[in-house]
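On a predicted model such as this, the values are computed, not experimentally measured, just so you know. Reckoned from all heavy atoms, side chains included, excluding hydrogens, waters and symmetry mates.
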Amino acid sequence: MPSGVGQVGRVVPIRREEPAPVRVVVADDHPVVRAGLRALIANADGMTVVGESAAGRDAVRETLLHRPDVLVTDMRRGCPDSLAVIRDVARSVTGVGVLVFTMVDDDRSVVAAIRAGARGYVVKCAPREDVLHAVRGVAAGGAVFGSRIADRLADLVSGSAGRPSVPFPQLTARERQVLDLIAAGAPNSAVARRLQLAPKTVGNHVSAIFNKLQVGGRAEAIVRARDAGLGALSA
C-alpha cells in the first residue's frame, strides 16, 4: 500500500489567540476604595490593573506612564482639578477612555464630566456588575452610564432638565448681584462701592452665598458662578 494511503491523518489543534486583557489604571484619594476597585477588576475575567494612584495630577502621570485602556478616577464636587484630569487625559492620551467613579451624581457634575471628555459615569453605590460593565464598555469605545444617571442623561446634555429661569434660585436677588460681581473678579470692597452697601453687609451676603451654594470658599463660588453664566459684569 502506498505510503499515506488509508492512514488516518494527524489532527493538529488550532490554537486560538486569547484577547488581550483590558488594562486599567485606578485613581482615588482613598486607599480603601483603590484596594476594593483593584480587587474587583483583578478578579474579573479579561481585566488587569496596571497602575494606581491618588486622584488629581498623579492620575494623569500614571495614565501617561502605563497607557491603559481605561482610567477609573474619582471626581469631587466643586473641584476644578478633577475636571482638569478628565480633560487632560481625554485630550492628550490617545486611546484611553475615562470612567468617573464617584459619590457625586448631581446634574451639574455629570454634565461637566461629559463635557470634559468622560465616556462613563458610575456612582460608588452601584452594583459590582455595573462597575465591570462600565469598564468593559468604555474600553470598547462606548459611552456607559449608571442606571441612576442614564434615565435623565438626554435631558441633561440638552440642558432641558428643569433648568431654572435664573441661576441659583436659592439666592436672593441681592445675593445674585453680589455673586455676579464676585465672579467678575471684584473684591468685597469693590462690591460694596458698586452696590452702595456697607462692607459688613457685603461680607454677610458673601457668607450666605457660600452657605447656600455649599462651597468651601471664594474660588469655588467663582467657578460655580461662571459655569452658570455669571461674571460678565465689569468690576
Side-chain angles (χ1 to χ4, degrees), residues 17-31 33-77 79-158:
E17 292 291 335
E18 291 292 330
V22 174
R23 303 172 71 252
V24 182
V25 164
V26 173
D28 196 290
D29 286 336
H30 298 92
V33 175
R34 288 204 308 271
L37 269 176
R38 183 176 64 244
L40 175 65
I41 293 170
N43 290 326
D45 292 336
M47 293 189 192
T48 183
V49 176
V50 296
E52 65 176 87
S53 73
R57 306 315 302 175
D58 289 343
V60 178
R61 286 191 289 271
E62 197 73 6
T63 303
L64 286 168
L65 176 64
H66 294 286
R67 304 277 171 165
D69 301 300
V70 180
L71 167 65
V72 181
T73 184
D74 190 13
M75 190 178 83
R76 289 165 289 168
R77 181 183 285 112
C79 180
D81 194 46
S82 297
L83 292 175
V85 168
I86 299 171
R87 191 177 298 113
D88 288 353
V89 170
R91 291 178 178 176
S92 62
V93 191
T94 304
V96 179
V98 179
L99 172 63
V100 174
F101 185 62
T102 179
M103 290 298 296
V104 179
D105 72 340
D106 63 277
D107 292 354
R108 182 184 298 274
S109 298
V110 173
V111 171
I114 294 171
R115 289 176 175 168
R119 291 217 306 262
Y121 199 109
V122 178
V123 292
K124 290 181 178 179
C125 61
R128 296 156 53 104
E129 295 76 14
D130 286 3
V131 178
L132 295 176
H133 171 74
V135 173
R136 292 189 178 100
V138 169
V144 184
F145 299 90
S147 56
R148 291 177 56 169
I149 296 166
D151 290 342
R152 67 183 198 269
L153 185 60
D155 285 340
L156 290 180
V157 175
S158 66

Novice: Please name all residues satisfying side-chain contact (heavy atoms from CB on, under 4.5 Å) with A139, sequence neighbours left out, ordered by chain then number.
Specialist: V22, D69, V70
Novice: Side chains of residues 88-99: which donor-acceptor pairs under 3.5 Å do they make with residues two or more places apart or in other chains?
Specialist:
{"unit_1": "D88", "atom_1": "OD2", "unit_2": "R57", "atom_2": "NH1", "d": "3.1"}
{"unit_1": "D88", "atom_1": "OD2", "unit_2": "R57", "atom_2": "NH2", "d": "2.6"}
{"unit_1": "S92", "atom_1": "OG", "unit_2": "D88", "atom_2": "O", "d": "2.4"}

Novice: Write down the atom of V122, the atom of A134, and the distance for their closest heavy-atom approach.
Specialist: CG2-CB, 3.6 Å
Novice: If the condition is salt bridge (charged side-chain N to carboxylate O under 4.0 Å, His left out), which residues does R61 pass it with, not counting sequence neighbours?
Specialist: D58
Novice: Taking all non-hydrogen atoms of both residues into account, name the closest pair between V100 and M75 and its distance.
Specialist: CG1-CB, 3.8 Å
Novice: Looking at every non-hydrogen atom in both residues, tell me the closest pair between Y121 and V104 and how far apart they are.
Specialist: OH-O, 2.6 Å
Novice: Decide side-chain contact (heavy atoms from CB on, under 4.5 Å) for D74 and V33; before the verdict, give the C-alpha distance in whole Å, the side-chain angles of both, and the deciding distance to 0.1 Å.
Specialist: CA-CA 10 Å; D74 190 13; V33 175; over 6 Å; no
Novice: Once side-chain contact (heavy atoms from CB on, under 4.5 Å) is applied, do any residues pair with A116, and if so which ones, sequence neighbours excluded?
Specialist: L83, I86, R87
Novice: Would you please name every residue forming a salt bridge (charged side-chain N to carboxylate O under 4.0 Å, His left out) with D28, sequence neighbours left out?
Specialist: K124
Novice: Which atoms form the tightest heavy-atom contact between A59 and V85, and what is the distance?
Specialist: CB-CG1, 4.2 Å
Novice: What are the two closest non-hydrogen atoms of P68 and V25, and how far apart are they?
Specialist: CG-CG2, 3.6 Å
Novice: Is it the case that more than 12 heavy atoms not belonging to H66 sit under 6.0 Å from its NE2 atom?
Specialist: yes
Novice: Can you give the donor-acceptor pairs under 3.5 Å from side chains of residues 41-50 to other protein atoms, not counting sequence neighbours?
Specialist:
{"unit_1": "N43", "atom_1": "ND2", "unit_2": "A39", "atom_2": "O", "d": "3.0"}

Novice: Applying salt bridge (Lys or Arg N to Asp or Glu O under 4.0 Å) as the test, list every pair that has at least one member in residues 131-146; sequence neighbours left out.
Specialist: none
Novice: If I compare all heavy atoms of A55 with all of D29, which pair ends up nearest, and what's the gap?
Specialist: N-OD1, 3.0 Å
Novice: Checking R34 now: which residues fulfil salt bridge (charged side-chain N to carboxylate O under 4.0 Å, His left out) with it, not counting sequence neighbours?
Specialist: E52
